[in-house]
Amino acid sequence: MEEKDCIFCKIVNGEIKTDLVYDDDNFIGFLDISPKAPGHTLIIPKKHYKTLLDMPNTLGTELLEAVKKVSLDLIKSGKAEGFNLIVNNGETAGQVVPHLHLHIIPRKHGDGLKSIV
């Protein structure tokens, strides 16, 4: 399932090029075009789900594995000492693109970024 006007569906379909850093059967990861920190990565499902609430539970383990692999790669490469994982669900929560995506924001001591909690 895809939405013809969805920018993330266009990325999945290869209509829009991006810097892929992860790819498996159901998810891809690519660098954010407006990164909060170097290595800021988005993980998205290849199928169109508007929010996390729309994604089948059966994909949860695979999504977590994708997040862990990309995050560990960021740490091993020296781009991060830790990371924030952010999911904005719905417009009210700050979701701009209505296709589920998780932000992995690499963090280092003294990076000047603030946590929202």
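Throughout, residue positions are numbered sequentially from 1 according to the sequence presented.
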query = Are F8 and Y49 near enough that their ring centres are under 6.0 Å apart?
reply = no
task = List the steps, then state whether side chain to side chain contact (heavy atoms under 4.5 Å, CB included) holds for L72 with L74.
result = CA-CA 5 Å; L72 190 57; L74 288 165; over 6 Å; no
query = Salt-bridged, D111 to R107, with N to O below 4.0 Å?
reply = yes
key: Qualifying residue, where the test is side chain to side chain contact (heavy atoms under 4.5 Å, CB included) with F30 and the options are D23, D19, T41, T18   = T18
Value rounded to 0.5 Å, distance of CD1 in I86 from CG in N88 = 7.0 Å
query = D54 and L100: side chain to side chain contact (heavy atoms under 4.5 Å, CB included), yes or no, with the steps?
reply = CA-CA 8 Å; D54 301 312; L100 170 61; over 6 Å; no
message = If you take the centroid of each ring, where Trp contributes its six-membered ring, are H103 and H101 closer together than 6.0 Å?
response = yes
task = Could you check if a side-chain atom of L85 sits within less than 4.5 angstrom of a side-chain atom of V67, using non-hydrogen atoms only?
result = yes
key: Steps toward side chain to side chain contact (heavy atoms under 4.5 Å, CB included) verdict (C9, H99)   = CA-CA 8 Å; C9 287; H99 183 125; 3.6 Å; yes
Closest non-hydrogen atom pair between T51 and G90, with its separation = CG2-N, 3.9 Å
Flag side-chain contact, heavy atom, 4.5 Å: F27 against K46 = no
query = Minimum heavy-atom separation for P106 to G39, with atom names?
reply = CG-C, 3.6 Å
task = Mark yes when over 12 heavy atoms from residues, nucleotides or ligands other than I7 sit less than 6.0 Å from its CD1; otherwise mark no.
result = no
query = Can you tell me how far the CG atom of L42 sits from the CG atom of D32, to the nearest 0.5 Å?
reply = 4.5 Å
query = Yes or no on side chain to side chain contact (heavy atoms under 4.5 Å, CB included) for V12 and I44, after CA distance, side-chain angles and deciding distance?
reply = CA-CA 9 Å; V12 169; I44 70 167; 3.7 Å; yes
inquiry  = Looking at K79 and D73, is any side-chain nitrogen of the basic one under 4.0 Å from a carboxylate oxygen of the acidic one?
reply    = no
